[in-house]
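Before any comments, here is the structure.
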Amino acid sequence: MVYLDYAATTPLNDEVLNAYTKLLKQYYGNSDSLHALGREAAKLMETAREQISDLLSVRKEEVLFTSCASEANNLALKGYAFHYQKRGKHLITTAVEHSSVLHTMEQLEKQFGFEVSYLPVNEQGKVELESLKQALRKDTILVSCMLVNNESGAINDISVLADYVHAFSRAAFHMDGVQGLGKVELPLDAVDMATFSAHKIYGLKGSGLLIKKQHVELLPLISAGQQEQGLRGGTSNSPVNTVFAKTLRLALEKQAEHTAYVKGLNDYLREELAKLDHIIINSDPSGSPYILNFSCLKIGSEIMLNALDERGFCVSAQSTCASHTKAHSYVLSAMGLGEVRATHAVRVSLSHLTKQSELTSFIEALKEIIHDYQIR
Ligand code: PLP
């Protein structure tokens with residue numbers, strides 16, 4: 001089997017697994033208990049919070065543990081919108097966000113009377129400052145924009161967008177940084193809130209972070225105990241939260257080396273795909289090297305994915321969270337690439353674990369599938 005779906009999730013790092021197993025067995029105390037076992041669990045989790053804050057150059061109090069990035073996005077957007085709604089009810093996001101942002105925005109719009117502007121993207125999949133300028137209003141309270149798109153790999157100029165928002169409005173800026181963590185530089189200085197996930201960087205599933213700068217207030221979505229500054233009650237998952245620090249350290253330590261290697265893989269795959277008939281590459285070369293999206297104009301996404309699956313290749317057509325809906329990429333549509341490319345897309349996502357020989361066999365499989373399909 002050849003796994004080329006690392007943007008969907010990654011295998012667990014052995015060091016993380018070992019540390020996690022040890023924590024589960026030995027440090028099972030409730031981190032809010034006052035006895036020794038509780039205090040030990042709390043100490044480990046708070047040390048991890050400090051390590052994460054050092055690694056990300058934010059304050060310790062600005063690191064909130066969540067159960068996943070989808071929860072962090074919900075907390076950032078709803079928590080902020082509910083808290084600041086007296087200031088204004090206008091929100092801005094982009095047309096190509098992950099479902100955890102888009103569906104949250106839709107809910108705020110439909111159920112809670114907020115107005116949402118969805119910024120378009122250009123052919124490279126990036127948000128242009130001009131469209132943000134046009135959308136920003138006096139009553140805008142929050143702007144949410146992703147760092148790296150999970151389908152196209154496009155990287156947004158977050159600092160430019162956030163600086164504009166801060167200079168010309170009272171709105172806060174939230175960044176979904178999930179596909180950028182451990183891969184591209186993080187513009188954390190420029191934003192008020194940021195979301196991350198452990199399972200995209202060889203960590204545990206069900207583990208996320210919300211970075212919330214100290215001046216930002218949120219309304220809690222889970223009303224319960226004092227955990228996470230009262231912003232998400234419920235017994236802390238201290239072993240999971242504790243190993244996030246190791247997961248992050250390992251990812252950041254090797255970021256430059258891994259990214260240079262993956263860039264080489266991406267270049268190779270691009271060159272090989274360019275030699276094939278009926279293939280158009282959808283990801284701009286300026287994007288993240290970890291994601292390469294292309295369309296085979298003769299074969300729809302579903303058929304292609306099944307054919308690749310039969311040959312042992314794991315790839316996606318679109319965001320995994322939307323993979324059970326009709327195979328149509330709203331991201332590629334928003335990029336203006338047309339209906340055919342949006343319904344014929346394949347997303348390959350790469351890792352430092354990917355071998356060039358795996359990409360060579362992937363290309364061979366593609367050639368075979370295209371050939372078989374043509375003579376049918
Ligand atoms: N944001 C982006 C850009 C993603 O790619 C994903 C996962 O696919 C998420 C958010 C959600 O992450 P999680 O699985 O931790 O909820």
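Whatever order the structure lists them in is the order used to number ligands and atoms, beginning at 1.
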(message) Could you work out, with ring-ring contact (aromatic ring centres under 6.0 Å, His included) as the rule, every residue matching Phe173, not counting sequence neighbours?
(response)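 Applying ring-ring contact (aromatic ring centres under 6.0 Å, His included) to Phe173 gives none.
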(message) Under the criterion salt bridge (Lys or Arg N to Asp or Glu O under 4.0 Å), I'd like the reasoning laid out for Arg347 against Asp5: C-alpha separation, chi angles, the key distance, then a yes or no.
(response) CA-CA 8 Å; Arg347 178 190 71 178; Asp5 202 16; 3.2 Å; yes
Within the 4.0 Å heavy-atom shell around [X], which atoms of ligand 1 are there?
| X | value |
| --- | --- |
| Ser197 | 13 (P), 15 (O) |
| Asn150 | 3 (C), 5 (O) |
| Met146 | 3 (C) |
| Ser70 | 11 (C), 13 (P), 16 (O) |

(message) I'd like to know if Phe362 and Ile281 are part of one continuous hydrophobic network [Ile/Leu/Val/Met/Phe/Trp/Tyr, side-chain heavy atoms within less than 4.5 Å].
(response)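 Hydrophobic grouping puts Ile281 with Phe362.
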Please confirm whether [X] comes within less than 3.5 Å of ligand 1 when only nitrogen or oxygen atoms on both sides are compared.
| X | answer |
| --- | --- |
| Val178 | no |
| Asp176 | yes |
| Ser100 | no |
| Asn73 | no |

(message) Heavy atom to atom 9 (C) of ligand 1, shortest distance: which of Gln179, Glu151, His98, Lys200 holds it?
(response)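 Nearest option to atom 9 (C) of ligand 1, by heavy atoms: His98.
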(message) Yes or no: does His199 have any heavy atom under 4.0 Å from an atom of ligand 1?
(response)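 The answer is yes, since His199 has a heavy atom less than 4.0 Å from ligand 1.
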(message) Please determine whether a side-chain nitrogen of the Lys or Arg among Glu46 and Arg49 lies less than 4.0 Å from a carboxylate oxygen of the Asp or Glu.
(response)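 Here Glu46 pairs with Arg49 in a salt bridge, since their nearest N and O are under 4.0 Å apart.
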(message) I'd like to know if Lys200 and Asp176 make a salt bridge, using a cut-off of under 4.0 Å between side-chain N and carboxylate O.
(response)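 The answer is no: the pair does not qualify as a salt bridge.
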(request) Return the minimal non-hydrogen interatomic distance between Met175 and Phe196, and the atom names on each side. (result)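 In this case the closest contact between Met175 and Phe196 is CE-CZ, 4.3 Å.
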(message) Looking at every heavy atom in both Leu17 and Thr21, which two are closest together, and how far apart are they?
(response)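 Heavy atoms of Leu17 and Thr21 come nearest at O-OG1, 2.6 Å.
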